[in-house]
Amino acid sequence: MPDRFTPASSRRVVRSLLTASLLLLFVSLAGAAQAVGLRDTVAQAEPKIAKIYGAGGFQGLEAYQSGLLISAEGHILTVWSYVLDTDEISVTLFDGRRFKAQLLGADPRLELAVLKIDATGLSYFELAAAVSAEPGTRVLAFSNLFGIATGDEQASVLHGIVASKTRLEARRGVFETPYKGPVYVVDAMTNNPGAAGGALTDFDGRLLGMLGKELRNTLSNTWLNYAIPVDQMTTTIDQIRAGNFVRKPTDEPSQKPEKALTLELLGLVLVPDVLERTPPFVDAVRPGSPAANADLRPDDLLLFVNDRLVQSCKALANELSFVDRIDTLKVTVIRGQDLIEVKLSAPVEP
């Protein structure tokens, strides 16, 4: 037999309904507050993102990437890449203003570069105020992925979490990266053309790191989404800004061997060296040579030789002149959208 409907039971029902209504209202307000908070975070970060345009076009390579302003006077942090390998680097800010940028310096081992544009009073990320994050931290990734924003359009924003903080291993499948320090691995899809050099922040807009380059393991066909923590870059950035950056002495070969490696020994023929900075593209590979055995192919662009950046045919020849022909040479090339590393050894003399 059902309970009788009494004034006391009626009050309990009313209190229950009121409690449920307040709970729903609280959840709704909390969600709305978070949405408003995120909108404010995005609105504050957008003016600090730069859209960078430079070299590209070879083999379908994109001629754009992202950057983040790190001073009110126009200093921009970005990744070091072929996009910057030109005298005509341009930067577009959030309001559509376009500037010619100067490359102040770069550290290929950290895969970073610092640009400067002639502007003042800009919004920027304060590197000294950057924070660190732990796995599970909710993050935002700001970038010009796919080059969508060409004027005053907003940069793209992705959200996700820090999946882990770990060292970027020297080898992932067939890839090896110059940078081997700690990175934030994020579950947001930051590994897209043009996203490298963007900013990773927490939900409060505090800078965590710079988005890394595209990395893909062709064996597993998986992409790596990561960012380099700010504390790994600040010393080099400060040195570049101060004009005091020099590579570590150990980076510099000191003496040429009596018998050095040559392109001919490796079986490589480059494109005609007609310009001061002709990119070291492979024009032909001699059959049966070390280059052929390593599956190097015409149109491969040589990027690193023993982890040293080679920006031209002349720079490549110079680097080889410091490598003894009995040593194994490590070469990193760009083939299409892939970064590939191979090792070459010249034939042993009888």
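Residue numbers count from 1 along this sequence.
- Among all heavy-atom pairs drawn from Leu122 and Gly74, the shortest one is CD1-CA, 3.8 Å.
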Mind running side chain to side chain donor-acceptor pair (under 3.5 Å) on Ser345 and Thr328 for me, showing each step along the way?
CA-CA 5 Å; Ser345 297; Thr328 299; 3.1 Å; yes

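- In this structure, OG in Ser90 is found 10.5 Å from NZ in Lys100, a value given to the nearest 0.5 Å.
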Pairs of donor and acceptor atoms involving the side chains of residues 152-165, under 3.5 Å and at least two apart or interchain, shall be tabulated with distances.
residue: Glu153; atom: OE1; partner: Thr150; partner atom: N; Å: 3.1
residue: Glu153; atom: OE1; partner: Gly151; partner atom: N; Å: 2.6

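- Atoms CG and CD1, on Leu69 and Ile76 in that order, are 5.0 Å from each other to the nearest 0.5 Å.
- You'll find the side chain of Leu115 reaches within 4.5 Å of the side chain of Ile52, heavy atoms only.
- With contacts defined as side-chain heavy-atom distances shorter than 4.5 Å, the pair Ile228/Leu110 does not qualify.
- Here the side chain of Thr137 pairs no donor or acceptor atom with the backbone of Ala133 at under 3.5 angstrom.
- Considering only residues two or more places apart in sequence or on other chains, Arg286 meets the side-chain hydrogen bond (donor to acceptor under 3.5 Å, both in side chains) condition with none of them.
- With rounding to the nearest 0.5 Å, the separation of CG in Leu303 from CG in Leu316 is 11.0 Å.
- Using modelled atom types, one side-chain atom of Gln65 and one backbone atom of Val79 make a donor-acceptor pair closer than 3.5 Å.
- Other residues, nucleotides and ligands contribute at most 12 non-hydrogen atoms within 6.0 Å of the CD atom of Glu264.
- Here the side chains of Cys313 and Thr278 are in contact, with some heavy-atom distance below 4.5 Å.
- Residues Leu200 and Met210 do not share a hydrophobic cluster, defined by chaining ILVMFWY side chains whose heavy atoms lie under 4.5 Å apart.
- Using a 4.5 Å cut-off between side-chain heavy atoms of Ile, Leu, Val, Met, Phe, Trp and Tyr, with links allowed through other members, Leu266 and Val269 fall into different hydrophobic clusters.
- Annotation: side chain of Asn225 is not in contact with side chain of Asp187 (no heavy-atom distance under 4.5 Å).
- With rounding to the nearest 0.5 Å, the separation of CZ in Phe125 from CD in Gln44 is 10.0 Å.
- A donor-acceptor contact shorter than 3.5 Å is absent between the side chain of Asp295 and the backbone of Ala292.
- Atom CZ of Phe94 and atom OG of Ser123 lie 6.0 Å apart (nearest 0.5 Å).
- Side chains of Phe203 and Leu140 form a contact here, defined as non-hydrogen atoms less than 4.5 Å apart.
- In terms of modelled atom types and a separation under 3.5 Å, the side chain of Asp202 and the main chain of Val139 share no donor-acceptor contact.
- At least one side-chain heavy atom of Leu84 sits less than 4.5 Å from a side-chain heavy atom of Thr78.
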Candidate pair Asp299 and Arg297, rule salt bridge (charged side-chain N to carboxylate O under 4.0 Å, His left out), full reasoning
CA-CA 6 Å; Asp299 294 337; Arg297 307 172 188 176; over 6 Å; no

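- More than 12 non-hydrogen atoms from other residues, nucleotides or ligands lie less than 6.0 angstrom from CG of Asp95.
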Stepwise side chain to side chain contact (heavy atoms under 4.5 Å, CB included) check, Leu270 with Phe281:
CA-CA 6 Å; Leu270 302 183; Phe281 277 100; over 6 Å; no

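- Taking CG of Leu207 as the start and OG of Ser132 as the end, the distance is 11.5 Å to the nearest 0.5 Å.
- Considering only heavy atoms from C-beta on, Leu93 comes within 4.5 Å of Phe99 through its side chain.
- Ser71 places a side-chain N or O within 3.5 Å of a backbone atom of His75 that can act as its donor or acceptor partner.
- Judged by distance alone, with hydrogens and angles left aside, the side-chain atoms of Asn191 form a donor-acceptor pair with the main-chain N or O of Leu224 at under 3.5 Å.
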For side chain to side chain contact (heavy atoms under 4.5 Å, CB included), just list the numbers for Leu296 and Val342, CA-CA rounded to whole Å, side-chain angles, deciding distance to a tenth of an Å, and then say yes or no.
CA-CA 8 Å; Leu296 287 182; Val342 300; 3.8 Å; yes

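- Checked by atom type and distance alone, the side chain of Tyr53 never pairs as donor or acceptor with a backbone atom of Val91 at under 3.5 Å.
- Comment: Asp273 engages Lys314 in a salt bridge, judged by a side-chain N to carboxylate O separation of less than 4.0 angstrom.
- Checked against Leu302 for a side chain to side chain contact (heavy atoms under 4.5 Å, CB included), the options Ile334, Thr332, Leu268 give a single hit: Leu268.
- Distance alone, capped at 3.5 Å, places no donor-acceptor pair between the Lys51 side chain and the Gly67 backbone.
- Side chain of Tyr226 to main chain of Thr166: no donor-acceptor pair is present (N/O by atom type, distance under 3.5 Å, no hydrogens or angles).
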What do the steps show when you test Leu208 against Val131 for side chain to side chain contact (heavy atoms under 4.5 Å, CB included), and what is the final call?
CA-CA 6 Å; Leu208 298 174; Val131 298; 3.4 Å; yes

Yes or no on side chain to side chain contact (heavy atoms under 4.5 Å, CB included) for Leu104 and Gln102, after CA distance, side-chain angles and deciding distance?
CA-CA 6 Å; Leu104 292 187; Gln102 176 191 1; 3.8 Å; yes

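- Within the 4.5 Å cutoff, side-chain heavy atoms of Val310 are placed close to those of Val305.
- Using a distance-only test at 3.5 Å, with no hydrogens or angles considered, no donor-acceptor pair links the side chain of Thr86 to the main chain of Gly54.
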